[in-house]
S.K.: 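I am attaching a structure below and will ask some questions about it afterwards.
All figures in this text were calculated on a predicted structure; none of them were measured in a lab. Every chain is numbered from 1, with letters handed out A, B, ... down the list of sequences.
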2 protein chains.
Amino acid sequence: MSDAVDAVTAQWNRERPDIDVWPMGIVGRLSRLSILFERELKEFFARHGLERFEFDVLATLRRSGAPYELTAGALLKAAMVTSGAITNRIDRMEAKGLVERVRDGGDRRSVRIRLTPRGLEIVDGLVGPHVDNEARLLAALGPAERDQLAGLLRVLLESMGDTSLT
Amino acid sequence: MSDAVDAVTAQWNRERPDIDVWPMGIVGRLSRLSILFERELKEFFARHGLERFEFDVLATLRRSGAPYELTAGALLKAAMVTSGAITNRIDRMEAKGLVERVRDGGDRRSVRIRLTPRGLEIVDGLVGPHVDNEARLLAALGPAERDQLAGLLRVLLESMGDTSLT
DNA sequence: ATTGATAATCTCAACGTTGAGATGACACCA
DNA sequence: TGGTGTCATCTCAACGTTGAGATTATCAAT
């Protein structure tokens, strides 16, 4: 079988046989898959009345454990967005009652973002279905292939310096 | 070794041991890698005076072969963006003299976007270095691992229906 | 020929992100 | 205690994309 990227590399081989474009076989597929997955996830969360980024923030807070709060800085690192984006996201989620800003701590520069009872309830009810949905997207792979793929991606992520989030 | 996603799954296992979050090991890494790669590519093209999307359009036209022209529809499918985005991109690239719109064909609804001599020269000089740059990002993988990874990603891309571009 | 359905592109307002800079707070050293 | 550098967050204008609708063209059936 062949996919869209096979067509791309075949074209390059015909037009520029002097160049071995093998890296596109990985980078290109990674990029396209990421877009397609993102679309599916967006659709899934929309069906449950949530924006993609909202679940992302809720899940980051939830998995950090009680009392379910993190600084804005920790959230922006986890989401890989800029500080402006996180401020905006928290503003909107605070207005919807999903999280709240807490400012009592020792360092008054930092803000702690805390899950509200409503936010906790929503994320706890949705993690399971979300994982099931992701599993559906990966159904084409067998158990051994999943482990293999995860392992190869881990090697790359490490080589890019993507370690820890705290 | 471990990466940021290992930290995420470890947190979930502690907080919600009832849920097996293995799909995150793939979807999460794919997403993060895609963002990191995108940043690197953006930086690379900036060093060569190009926007990321500009190279994308130039390369799509170049690899289609002489006379290096495609419809706007073909370009938006290849780039996976909406029609509004492609119109905007072509507008700006036309203003910079990288491509030109040609409207003579049989179907007067469609517009053919053609590489200008300048656009052709730029893309032909940059494909090689671009591929080298991508290879650098993948240097952590050995030859056999690359093939394995490309193959696994192809399976997923096919299962998502991502075939052909024409 | 006329109608209706589909297709390809363009238009444009709404939206979210980026990136640079402002603000306020902390830490260290003199 | 004053000064300097760094840090965490917020502010905001610029920018690009989305998504819906408008426009113009083609095709099939009658």
Side-chain angles (χ1 to χ4, degrees), chain A residues 31-32 34-36 38-43 45-46 50-57 60-61 69-96 98-114 165-166, chain B residues 31-32 34-36 38-43 45-46 50-57 60-61 69-96 98-114 165-166:
Chain A
S31 166
R32 296 185 72 85
S34 179
I35 292 172
L36 294 173
E38 212 56 50
R39 285 182 188 164
E40 293 280 342
L41 296 190
K42 178 180 179 180
E43 209 176 306
F45 289 118
L50 272 190
E51 298 291 330
R52 171 88 179 83
F53 79 86
E54 291 176 324
F55 180 81
D56 220 57
V57 171
T60 304
L61 291 169
E69 56 181 43
L70 290 172
T71 62
L75 286 175
L76 72 85
K77 265 175 225 153
M80 301 183 101
V81 296
T82 59
S83 65
I86 274 296
T87 296
N88 182 20
R89 290 178 178 191
I90 295 169
D91 283 350
R92 282 178 289 161
M93 292 181 70
E94 194 168 28
K96 283 182 70 173
L98 298 173
V99 300
E100 53 187 349
R101 283 182 166 89
V102 188
R103 288 203 116 101
D104 55 324
D107 187 336
R108 257 174 303 178
R109 287 170 303 181
S110 75
V111 184
R112 295 210 308 274
I113 317 302
R114 181 193 294 161
L165 287 174
T166 332
Chain B
S31 168
R32 296 185 72 85
S34 181
I35 292 172
L36 292 173
E38 212 57 50
R39 285 181 187 164
E40 293 281 341
L41 296 188
K42 179 180 180 181
E43 208 176 306
F45 289 119
L50 273 189
E51 298 290 331
R52 171 89 179 84
F53 79 86
E54 290 176 323
F55 180 82
D56 219 57
V57 171
T60 304
L61 292 169
E69 55 180 47
L70 290 171
T71 62
L75 287 176
L76 73 84
K77 265 174 226 154
M80 302 182 101
V81 296
T82 59
S83 65
I86 274 296
T87 298
N88 181 20
R89 291 178 178 191
I90 295 169
D91 283 349
R92 283 178 289 162
M93 292 181 70
E94 194 168 29
K96 283 182 68 172
L98 297 173
V99 301
E100 54 187 349
R101 282 181 166 89
V102 188
R103 286 204 117 100
D104 55 324
D107 188 335
R108 257 173 304 178
R109 286 170 305 181
S110 75
V111 184
R112 295 210 308 274
I113 316 303
R114 182 193 293 160
L165 286 173
T166 333

S.K.: Are any side-chain N or O atoms of Arg32(A) and backbone N or O atoms of Ala78(B), one a donor and one an acceptor, separated by less than 3.5 Å?
M.R.: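 Yes; at least one donor-acceptor contact below 3.5 Å.
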
S.K.: Nearest whole Å is fine: how far is dC26(C) P from Arg103(A) CZ?
M.R.: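 So the CZ-P distance, Arg103(A) to dC26(C), works out to 11 Å.
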
S.K.: With a cut-off of less than 4.0 Å, is there a side-chain N or O of Thr82(A) near OP1 or OP2 of dT18(C)?
M.R.: yes

S.K.: Below the 4.0 Å mark, does dT26(D) have OP1 or OP2 next to a side-chain nitrogen or oxygen of Arg108(B)?
M.R.: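 True: Arg108(B) side-chain N/O within range (under 4.0 Å) of dT26(D) OP1/OP2.
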
S.K.: Using a cut-off of strictly less than 4.0 Å, decide whether Lys42(A) has a side-chain nitrogen or oxygen near OP1 or OP2 of dG16(C).
M.R.: no

S.K.: With a 4.0 Å cutoff (strictly under), does any side-chain N or O of Arg92(B) reach OP1 or OP2 of dT17(D)?
M.R.: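 The answer is yes; a side-chain N or O of Arg92(B) sits under 4.0 Å from OP1 or OP2.
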
S.K.: Grab the CD-C1' distance between Glu38(A) and dT18(D) for me, whole Å please.
M.R.: 15 Å

S.K.: Which residue pairs pass the salt bridge (Lys or Arg N to Asp or Glu O under 4.0 Å) test with at least one member in residues 83-92 of chain A, sequence neighbours excluded?
M.R.: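 Matches after skipping sequence neighbours: Asp91(A)-Arg101(A).
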
S.K.: Between dT17(D) and Arg89(B), is there an OP1 or OP2 to side-chain N/O distance shorter than 4.0 Å?
M.R.: yes

S.K.: In whole angstrom, what separates Leu76(B)'s CG from dT18(D)'s C1'?
M.R.: 13 Å

S.K.: Take atom CD1 of Ile90(A) and atom P of dT9(D), then tell me their distance rounded to the nearest Å.
M.R.: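 Ile90(A) atom CD1 is separated from dT9(D) atom P by 8 Å.
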
S.K.: Quick one: pull up CG in Leu76(A) and OG1 in Thr71(A) and give me the separation to the nearest 0.5 Å.
M.R.: 8.0 Å

S.K.: So, is Ser110(B) close to the dA8(C) phosphate, meaning a side-chain N or O under 4.0 Å from OP1 or OP2?
M.R.: no

S.K.: What integer distance in Å separates Glu51(A):CD from dT17(C):P?
M.R.: 10 Å

S.K.: Please state whether the phosphate of dT6(C), meaning OP1 or OP2, lies under 4.0 angstrom from any side-chain nitrogen or oxygen of Arg109(B).
M.R.: no

S.K.: Here's a test of your reading of the structure: between Asp107(B) and Phe53(B), which maps to the more 5' nucleotide of DNA chain D?
M.R.: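 Nearest-nucleotide comparison on DNA chain D picks Phe53(B).
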
S.K.: If each of Ala85(B) and Gly73(B) is mapped to the nucleotide of DNA chain C with the nearest heavy atom, which maps nearer the 5' terminus, i.e. the 5' end?
M.R.: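 First, find each residue's nearest nucleotide; the 5'-ward one identifies Gly73(B).
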
S.K.: For Arg101(B) and dA8(C), give me the distance from atom CZ to atom P, rounded to whole Å.
M.R.: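 These atoms are roughly 16 Å apart.
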
S.K.: Rounded to whole angstrom units, what separation is found between the CG atom of Asn88(A) and the P atom of dT9(D)?
M.R.: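 It is 16 Å, rounded to the nearest whole Å.
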
S.K.: Please tell me if the side chains of Ile113(A) and Ile86(A) come closer than 4.5 Å, counting only heavy atoms from C-beta onward.
M.R.: no

S.K.: Once rounded to the nearest 0.5 Å, what's the spacing between atom CE of Met93(A) and atom CG of Leu61(A)?
M.R.: 7.0 Å

S.K.: Tell me the interatomic distance from Leu75(B), atom CG, to dA8(C), atom P, rounded to whole angstroms.
M.R.: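 In whole Å, dA8(C) P and Leu75(B) CG are 14 Å from each other.
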
